[in-house]
S.K.: 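One structure follows; several queries about it will come next.
Heads up: numbering here begins at 1 and tracks the sequence.
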Amino acid sequence: MQNGDNNYYNNDFNQPNVNQGMQNPYYRQPAPVPPRNTGSSAGGQNNKGSVFLLGILVGVIIMTLVGTCAYVGTRLYQYANSKSAQTANADKVSADSVVNDATLKKLETLEELIEDQYYRDEDIDTDAMIEGMYAGMVDSLGDPYSVYYTAEEWQDMLSETEGIYYGIGAYVSLDTTTGFAKISGVIKDTPAEEAGLRENDIIYLVEGETTQGLELSEVVSRIKGEEGTIVHLTIYREGEPDYLEIDVTRRKIESPTVSYEMYDNGVGYIQITEFDEVTTDQFKEALAVIKGSHAKGLILDLRSNPGGSLPVVVDIARLILPKGLVVYTEDKNGKRDEYTCDGKNELDIPLVVLVNGNSASASEILAGAIKDYNKGTLIGTTTFGKGIVQRIQQLTDGTAVKLTISSYYTPNGNNIHGIGIEPDIVCEYDSDAYYDEGIDNQLERAKQEIEKMIQ
């Protein structure tokens with residue numbers, strides 16, 4: 001690429017004086033006045049006449065040349081303006097598309113500048129630069145839920161949705177107040193629990209690098225790693241006088257998304273930690289055991305459930321709700337998709353649902369539908385407020401992109417994005433009681449309420 005061919009690249013910082021030597025075709029210097037001849041000689045009158053005629057001829061020629069130059073200059077000026085306008089219009093049209101001649105030319109320029117001038121101790125990773133361009137396009141949308149995945153990241157994502165991965169056993173989300181990552185839930189009997197990590201711990205640093213401003217997928221990829229390796233986390237925990245420095249040993253995490261038990265008073269308890277491919281079958285099994293035990297009531301725990309698959313949560317809702325809408329979505333063109341329930345499996349025992357500020361997306365779909373149908377009592381705190389739906393599209397090169405494609409609405413037509421779902425009974429979580437005494441005050445409140453319902 002030649003420098004002169006590119007509008008974005010110019011090594012010449014010494015620009016010429018634009019006024020030096022410029023001629024103005026629209027300005028004529030007055031013709032010099034010929035000196036008056038004061039002497040008399042033979043033939044002087046004829047010479048004067050010849051000079052006079054010659055002056056007229058020269059004047060005509062000069063006027064013709066000046067007029068011609070002015071005309072040509074005017075036409076060239078008009079042509080230049082016309083081309084500039086065409087270029088401007090072309091740039092305006094091409095700006096509607098990210099990939100156009102101008103952007104391709106600029107990318108070539110940036111690559112050339114990096115190659116020529118960037119100082120580094122090792123070779124440039126061109127594959128990383130290419131992936132960075134793709135990720136940057138999606139990041140520019142300003143939507144934290146739209147993400148580009150490299151082939152490696154996509155495979156990691158598939159492993160997570162299958163319920164098996166190598167990590168520490170904690171759910172991670174983004175704290176909207178601080179911009180840092182945070183622990184939104186801890187899986188039992190995992191390295192995270194053994195290391196003393198708690199829900200709502202702010203992950204200030206991972207291996208000495210801040211998490212503020214990073215995409216969630218990037219934070220998760222830094223925390224995960226090979227089995228047996230250690231990840232060092234710097235944690236901010238409310239109430240602690242200083243940061244906590246915690247080492248966690250990674251290992252294989254087999255994360256069941258559903259757990260359940262029966263209480264002595266005949267009340268069943270089911271916890272759903274997220275809605276993955278394995279969740280529907282796990283929930284069916286749990287519900288079958290609860291019903292088979294002749295449960296008088298059910299506590300459904302959706303606290304700190306970050307969401308997951310829309311089809312999965314709809315399938316689970318169909319095992320609880322009466323006939324009617326479960327949820328509906330609308331895309332940017334107003335196209336509406338409805339997800340319904342036939343009511344054949346409607347739950348016929350009292351229901352209490354536990355929610356909190358980390359209950360998001362698919363868990364809000366289920367909680368919102370239960371509330372709209374008055375099918376159960378919600379206890380806890382206001383949910384996260386994620387009322388939009390994403391779709392993941394795998395690309396032919398093994399990468400993938402997740403894009404927000406629609407908003408969802410509860411059966412009563414409520415869009416809770418940025419608002420959340422208010423519980424019927426507000427009950428703040430007492431973390432000190434839990435970690436110091438092992439008492440889950442929200443669960444205890446749910447037991448009290450369900451006891452009233454079954455009496």
Side-chain angles (χ1 to χ4, degrees), residues 144-145 147 149 153-175 181-193 197-201 203 215-217 219-221 223-224 252-260 269-287 299-320 326-327 353-370 380 383-392 402 408 416 420-421:
Y145 305 111
V147 182
Y149 298 102
E153 290 169 343
W154 174 237
Q155 289 303 314
D156 289 342
M157 180 67 67
L158 289 177
S159 297
E160 286 187 28
T161 58
E162 291 171 356
I164 300 174
Y165 63 94
Y166 294 92
I168 64 173
Y171 298 108
V172 179
S173 63
L174 293 179
D175 184 73
K182 73 173 183 178
I183 303 293
S184 57
V186 177
I187 301 172
K188 291 182 179 180
D189 302 322
T190 62
E193 183 182 57
L197 289 173
R198 299 182 182 181
E199 183 178 333
N200 292 322
D201 279 349
I203 307 173
E215 295 290 342
L216 181 59
S217 59
V219 177
V220 172
S221 68
I223 294 176
K224 294 192 303 182
K252 185 177 181 180
I253 305 297
E254 297 185 15
S255 173
T257 61
V258 177
S259 59
Y260 61 92
Y269 170 86
I270 299 179
Q271 180 186 38
I272 306 176
T273 56
E274 57 187 329
F275 296 93
D276 291 338
E277 295 175 3
V278 298
T279 306
T280 302
D281 288 339
Q282 292 178 2
F283 183 79
K284 286 180 178 178
E285 177 184 347
L287 191 59
I299 298 173
L300 178 61
D301 193 347
L302 299 178
R303 289 177 297 176
S304 301
N305 182 321
S309 169
L310 175 60
V312 169
V313 72
V314 169
D315 285 343
I316 290 175
R318 288 169 177 158
L319 300 174
I320 297 175
V326 175
V327 64
V353 182
L354 285 170
V355 293
N356 64 9
N358 292 321
S359 303
S361 192
S363 58
E364 292 177 290
I365 288 176
L366 183 56
I370 290 172
T383 62
F384 183 82
K386 181 177 180 288
I388 49 180
V389 180
Q390 286 72 44
R391 176 180 293 161
I392 296 179
K402 179 173 69 173
Y408 77 74
I416 52 84
I421 299 172

S.K.: Between N356 and S359, does any side-chain donor sit less than 3.5 Å from a side-chain acceptor?
M.R.: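 A pair is found: one side chain offers a donor N or O, the other an acceptor, under 3.5 Å apart.
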S.K.: Taking side chain as C-beta onward, heavy atoms only, is I203 less than 4.5 Å from I223?
M.R.: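 The answer is yes, as the side chains (C-beta and beyond) meet within the 4.5 Å cut-off.
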S.K.: Where do L302 and T383 land on the side-chain contact (heavy atoms from CB on, under 4.5 Å) test, with the steps shown first?
M.R.: CA-CA 10 Å; L302 299 178; T383 62; over 6 Å; no
S.K.: To the nearest 0.5 Å, what is the distance between CG on L319 and OG1 on T280?
M.R.: 8.0 Å
S.K.: Are D315 and F275 close enough that some pair of their side-chain heavy atoms sits under 4.5 Å apart?
M.R.: no
S.K.: Please examine the side chains of N358 and R303, heavy atoms only from C-beta on, and report whether any two atoms are closer than 4.5 Å.
M.R.: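 No. Closest side-chain heavy atoms not under 4.5 Å.
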S.K.: Please examine the side chains of L197 and I168, heavy atoms only from C-beta on, and report whether any two atoms are closer than 4.5 Å.
M.R.: yes
S.K.: Would you please name every residue forming a side-chain hydrogen bond (donor to acceptor under 3.5 Å, both in side chains) with D201, sequence neighbours left out?
M.R.: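 If we apply the side-chain hydrogen bond (donor to acceptor under 3.5 Å, both in side chains) test to D201, skipping adjacent residues, the hits are R237.
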S.K.: Please check this pair: side chain of E364 against backbone of G387, looking for a donor-acceptor N/O pair closer than 3.5 Å.
M.R.: no
S.K.: Shortest non-hydrogen contact from V326 to A369?
M.R.: O-CB, 3.7 Å
S.K.: What's the separation between atom CD1 in I183 and atom OH in Y171, rounded to the nearest 0.5 Å?
M.R.: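 Those atoms lie 12.0 Å apart.
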S.K.: Is it the case that S304 and E199 place a side-chain donor and acceptor less than 3.5 Å from each other?
M.R.: yes
S.K.: I need the L174 CG to F384 CZ distance, nearest 0.5 Å.
M.R.: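 Reported to 0.5 Å precision, the distance equals 8.0 Å.
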S.K.: Verify, without hydrogens or angle tests, whether E285 (side chain) and D281 (backbone) share a donor-acceptor contact under 3.5 angstrom.
M.R.: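 Not a single qualifying donor-acceptor pair exists.
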S.K.: Write down the atom of A181, the atom of V219, and the distance for their closest heavy-atom approach.
M.R.: CB-CG1, 3.6 Å
S.K.: I'd like to know whether I370 forms a side-chain contact (heavy atoms from CB on, under 4.5 Å) with L300, so could you lay out the CA-CA distance, the side-chain angles of the two residues, the decisive distance to 0.1 Å, and finally the verdict.
M.R.: CA-CA 11 Å; I370 290 172; L300 178 61; 4.3 Å; yes
S.K.: Do L310 and V327 have side chains that approach each other closer than 4.5 Å (heavy atoms only, starting at C-beta)?
M.R.: yes
S.K.: Atom CD1 in I388, atom CD1 in I416: separation rounded to 0.5 Å?
M.R.: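 Reported to 0.5 Å precision, the distance equals 9.5 Å.
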S.K.: Is there a side-chain contact between I421 and V355, using heavy atoms and a 4.5 Å cut-off?
M.R.: no
S.K.: Is the backbone N or O of G307 less than 3.5 Å from a side-chain atom of S361, with the two atoms forming a donor-acceptor pair by type?
M.R.: no
S.K.: State, to 0.1 Å, how close S309 and A362 come at their nearest heavy-atom pair, and which atoms those are.
M.R.: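 Taking S309 first and A362 second, the nearest heavy atoms are O-CB, 4.3 Å.
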S.K.: For a 4.5 angstrom cut-off between non-hydrogen side-chain atoms, does T273 reach I187?
M.R.: no
S.K.: Examine distances only and state if a side-chain atom of Q282 and a backbone atom of T257 form a donor-acceptor pair shorter than 3.5 Å.
M.R.: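 Confirmed, Q282 side chain pairs with T257 backbone.
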S.K.: What pair of heavy atoms forms the shortest contact from G169 to T190, and how long is it?
M.R.: O-OG1, 3.2 Å
S.K.: Can you tell me how far apart NZ (K188) and CD (Q271) are? Round to the nearest 0.5 Å.
M.R.: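 Output value for this atom pair is 6.5 Å.
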S.K.: List the atom of S217, the atom of V147, and the distance in Å for their closest heavy-atom pair.
M.R.: OG-CG1, 3.7 Å
S.K.: Could you list the residues that satisfy salt bridge (charged side-chain N to carboxylate O under 4.0 Å, His left out) with R198, not counting sequence neighbours?
M.R.: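 Once residues adjacent in sequence are excluded, R198 has no partner under the salt bridge (charged side-chain N to carboxylate O under 4.0 Å, His left out) criterion.
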S.K.: Contact between D276 and V312 at the side-chain level, heavy atoms closer than 4.5 Å - yes or no?
M.R.: no
S.K.: Do you know the tightest heavy-atom contact between E215 and P144?
M.R.: OE1-O, 3.9 Å
S.K.: Measure the CG-CG distance between N305 and L366 for me, rounded to the nearest 0.5 Å.
M.R.: 9.0 Å
